[in-house]
Amino acid sequence: MCGRFALTTPIEVLRQAFGFVGPAPNLPARWNIAPTQSTPVIRRAESGGRELAALRWGLVPYWADSPSIGAKMINARAETVAEKPAFRAAFKARRCLVPADGFYEWPTRGDLASRQPVLFRRRDGGPFAFAGLWERWVPAAGGLIESFAIVSTAANEIMAQYHERVPVVLAPGDYAAWLDPAADARALLKAPPSDWFSAAAFQPMSTTCGMTTPAVSPRRSTSPRRRRSRHASRAPGRPTTVSRACSNARKRRAAP
DNA sequence: CCAGACGTTGTT
DNA sequence: GTCTGG
DNA sequence: CCAGACGTTGTT
DNA sequence: GTCTGG
């Protein structure tokens, strides 16, 4: 699946890769994008071109009573996305590209099982696009929430070493069809090509601390690692490691 | 008919 | 909004 | 995905 | 243990 991802590529590089037009903000490098956060997607604009827009991760269906349901709708299964009430309308008419340059999986298999996530990045470090769906939700009080989900599918043999499910990563040649409501999109929902990606063990993460290091090799140090405080200052362009004790995580590890 | 769900992943 | 379960 | 809550009544 | 919020 995909429960966290990274987007650190400069905006003009994204513009080149995904061909959107119009205004775009300068994006800060983000190594820990979490559900319910706002993050840019590329979608078809009313003009027909591609635009960049910041949407909330976790699709809130148009019929929802409350936006809280979006927290559960962070992924949509490729196998059923065309039929599920929460996703089918968006799948037909509102597909988007979700730009990223890394995604995390928490290993669940055998010896690798761990609470330490694995970061998958393209071998050339470049950006890629998840297959996304987006939706509009109008609160009773007025206003508008636009949100999205990332399509997931069965992992191929390589990635399945870590996790059974993976996000769909679109081939650049498929971007146009994915964004075209008239195209047959189901054929585009394939597992990411393993040879694009490399996997690296990662620091344990926290939502609140936000920033984490980029790729690191598996940790083997026997001495306790010195951690920076959550308030540590950060040199530009050099993400810091921020971690902290988590009593709940310890409890969960220990509990039956 | 109305009421209630509408989702995914992982775990034992 | 639309489907499923009672 | 992880972190953190997990509750009610009444008061301003 | 399980749900909600980020």
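Order of the sequence lines sets the chain letters (A, B, ...), proteins ahead of strands, with each chain counted from 1. The shown structure was predicted, so the numbers you read here are calculated from the model rather than taken from an experiment.
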> Using atom CD of A:Glu135 as one end and atom P of B:dG7 as the other, report the distance to the nearest whole Å.
13 Å
> What do you reckon, are the aromatic ring centroids of A:Phe103 and A:Phe197 less than 6.0 Å apart?
yes
> Can you classify the ring geometry of A:Phe130 versus A:Phe5 as parallel (below 30°), tilted (30 to 60°) or perpendicular (above 60°)?
perpendicular
> Testing the basics here: between A:Asp174 and A:Lys190, what is the closest heavy-atom pair and its distance to 0.1 Å?
OD2-NZ, 3.9 Å
> Send over the distance from A:Tyr162 OH to D:dC1 P, rounded to a whole Å.
18 Å
> Just how far, in rounded Å, is P of D:dC1 from CG of A:Leu7?
21 Å
> Please check if atom CD in A:Gln16 has more than 12 non-hydrogen atoms from other residues, nucleotides or ligands closer than 6.0 Å.
no
> Grab the N/O contacts between the protein and nucleotides 4-6 of chain B below 3.5 Å, and write none if there aren't any.
none

> I want to know whether A:Tyr175 and A:Phe18 have ring centres closer than 6.0 Å.
yes
> Are any non-hydrogen side-chain atoms of A:Leu27 and A:Pro40 less than 4.5 angstrom apart?
yes
> Among E:dG5, B:dT11, C:dG1, find the nucleotide with the atom closest to the side chain of A:Ser68.
E:dG5
> State which of E:dG6, B:dT9, C:dC3 makes the closest approach to the side chain of A:Arg88.
C:dC3
> Rounded off to whole Å, could you give me the CD-to-P distance for the A:Glu79 and B:dT9 pair?
8 Å
> Please tell me which of the listed nucleotides, B:dT8, B:dT11, D:dC1, lies nearest to the side chain of A:Thr108?
B:dT11
> Side chain of A:Phe87 only, heavy atoms from C-beta on: which candidate in D:dC1, B:dT11, B:dT8 is closest?
B:dT8
> Output yes when at least one side-chain N/O atom of A:Arg77 is less than 4.0 Å from OP1 or OP2 of B:dT9, else no.
yes
> Which part of the nucleic acid does A:Tyr62 contact within heavy-atom distance under 4.0 Å: base, sugar-phosphate only, or nothing?
sugar-phosphate
> Assign A:Ala76 to base, sugar-phosphate, or nothing according to its heavy-atom contacts below 4.0 angstrom with the strands shown.
sugar-phosphate
> Without decimals, in angstroms, what is the distance between A:Trp57 CH2 and D:dC2 P?
11 Å
> Which pair of non-hydrogen atoms, one from A:Pro61 and one from A:Trp137, has the smallest distance, and what is that distance?
O-CD1, 3.2 Å
> May I ask you to say what A:Pro35 touches in the nucleic acid, namely base, sugar-phosphate or nothing, with a heavy-atom cut-off under 4.0 Å?
base
> Does a side-chain N or O of A:Thr80 approach OP1 or OP2 of B:dT8 to a distance below 4.0 Å, or not?
yes
